[in-house]
Amino acid sequence: MTVTRRDFLSASAALALAPALGGRVLAAPPPREADIVVIGAGAAGIAAARRIAAANRKVIVVEASGQVGGRCQTDASTFGVPFDRGARWMHNPETNPMIRLARSAGLDIVTAPAGQKIRIGRRYARPGETEEFLAALVRANRAVDDASRKADIACAAAMPKDLGDWAGTAEFLLGANFSGKDLKDLSAVDKVRAQDRNTAIACRQGLGTLIAKFAEQLPMVLSTPAQRILWSNRDVMVETPTGKITARAAIVTVSSNVLASGNIKFAPELPKRALDAAAKLSLGSYDRIALQLPGNPLGLSRDDVIIEQSNSTRTALLYGNIAGSSLCTIDVAGSFGRDLSAQGEKAMSAFAVEWLTKLYGSEVGAAVKQTSATRWNASPFILGAMSAAVPGAQFSRKILTEPIGAMYLAGEATHETLWGTVDGAWDSGERAADAALRRIGALKDAAPEPAAPVAKQKRRAPHRSAGPMN
């Protein structure tokens, strides 16, 4: 039986590589001055820079890596078709400004297919079994909702103990596949406050391509890590290997793991309150193993999404025949995904073949033509997938929105309801830009793109699409 997207947690994200660099890349050394300097050229940084440029203020984007996009990266060369190694979906098409901008830029925006399936061993779930699974998932979601009203406990502590054969599958979908963390490591309040994400919207050219397109005409310097940021209530100075940039304000969009790692030095040091908040919003683990399977040996339909009935964390999500191609991806997440990723791409590819063989037969291995895998935990300028609050720490997101002298933090970790999504990163960048523009007295002159109306919080369906920076 096919399960609709509103019926169950769907395909997700993680992010990775695209050589498309959309922005106006500047040669080293960077400009010495700007009204506002933006650290990071991911979705939040690009959104902030566009807002500042629209206000006719001088902005410079400083990016440590050699490419635009952050956790939104599209690889169009490895398999000959666009492959989002990271974020795959946008959400909330009625209110998301990125979707309107993408259409205006001539990119192809499509609603993700609604059908997904459950595999039980070598067969698909029967209608009655699917109904049992959906009932178990509804009960699990309701239990977490109810528990969150009393205390911010671990989601695992709220889970019903009698889910039977569906316990492992529910734990994977609601925990690792949704947030990159196992339920024992996930705040119940953070999960419940996450805005509805059932409508998934894709860009045929890839989300990395989309973000690079949005970066066009923005002044930026790539392969230029911010080594130290000197800040006060009056101004900031960013020290890089190729020179210093002074500005009246700064927007820092690095991931919560990078912020907590100390890889960027601050003088004076960041307030302990902010560092503690970043640590409590650590990034989960979410990676993607891509396989080229010519001839459709699995017998999948276009854009099929498959999960399995599992009794352990050693499980995954299959996204097959992507856009009608021979490309399939196996998404692994949570503690199992983290351990697997640490073993390297060879071990990841071996697991993917082993897992598919278990579900579809021994001939799968011989059908694999080419593989590629992401390892976001090892990416030095990211260090993981998407933020997820540990139990008791949902309040940390609000802390990260507080100004620190003339600095403002942005990124998906700072969004209280759209954390873990490209949408949340974009919105946070625009909010930080508005705050910085107010600080320098420029907001009244701004003509930014209209802000999207706030989406009403919906009663959550049993499942929502999930994943690292979805």
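In this structure Arg139 satisfies the side chain to side chain donor-acceptor pair (under 3.5 Å) test together with Asp162, sequence neighbours excluded. With sequence neighbours excluded, the residues that form a side-chain contact (heavy atoms from CB on, under 4.5 Å) with Asn257 are Ser255, Ser282, Leu283, Leu383. Scanning for side chain to side chain donor-acceptor pair (under 3.5 Å) contacts around Gln309 gives an empty result, with sequence neighbours left out. Residues passing the side chain to side chain donor-acceptor pair (under 3.5 Å) test with Asn311: none are found, sequence neighbours excluded. The side-chain contact (heavy atoms from CB on, under 4.5 Å) test applied to Phe381 returns Ala64, Ser65, not counting sequence neighbours. Checked against side-chain contact (heavy atoms from CB on, under 4.5 Å), Arg228 has the following partners two or more places apart in sequence or in another chain: Leu230, Glu239, Lys265, Ala267. Residues passing the side-chain contact (heavy atoms from CB on, under 4.5 Å) test with Ala347 are Leu340, Gln343, sequence neighbours excluded. The side chain to side chain donor-acceptor pair (under 3.5 Å) check on Asp165 picks up nothing, with sequence neighbours excluded. The ring-ring contact (aromatic ring centres under 6.0 Å, His included) check on Phe266 picks up nothing, with sequence neighbours excluded.
Aromatic ring centroids of Trp419 and Phe178 lie under 6.0 Å apart.
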I would like to know whether Phe351 and Phe336 meet ring pair (Phe, Tyr, Trp, His ring centres under 6.0 Å); could you show each step before the answer? CA-CA 11 Å; Phe351 164 76; Phe336 166 67; 5.0 Å; yes

Would Leu327 and Leu291 count as a side chain to side chain contact (heavy atoms under 4.5 Å, CB included) if you check the C-alpha gap in whole Å, the side-chain angles of each, and the deciding distance to 0.1 Å? CA-CA 6 Å; Leu327 182 63; Leu291 308 174; over 6 Å; no

Can Glu430 and Arg50 be said to form a salt bridge (charged side-chain N to carboxylate O under 4.0 Å, His left out), step by step? CA-CA 8 Å; Glu430 292 191 329; Arg50 286 173 62 96; over 6 Å; no

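A donor-acceptor distance shorter than 3.5 angstrom exists from the side chain of Arg85 to the backbone of Ala373, with no hydrogens or angles considered.
Identified under the salt bridge (charged side-chain N to carboxylate O under 4.0 Å, His left out) test for residues 248-261, with sequence neighbours left out: Asp35-Arg248. Among residues at least two apart or in separate chains, salt bridge (charged side-chain N to carboxylate O under 4.0 Å, His left out) pairs with a member in residues 392-410 are Asp190-Arg397, Arg273-Glu402. Pairs of residues two or more places apart, or lying in two chains, that qualify as salt bridge (charged side-chain N to carboxylate O under 4.0 Å, His left out) and include a residue from residues 347-357 are Arg314-Glu354.
A pairwise comparison of heavy atoms in Asn233 and Gly405 identifies OD1-CA, 3.2 Å as the closest pair.
No cation-pi contact links Arg122 to Tyr360, judged by a cut-off of 6.0 Å to the six-membered ring centre and 45° from its axis.
A side chain to side chain donor-acceptor pair (under 3.5 Å) with Thr374 holds for exactly one of Asp84, Asp331, Asp287; it is Asp287.
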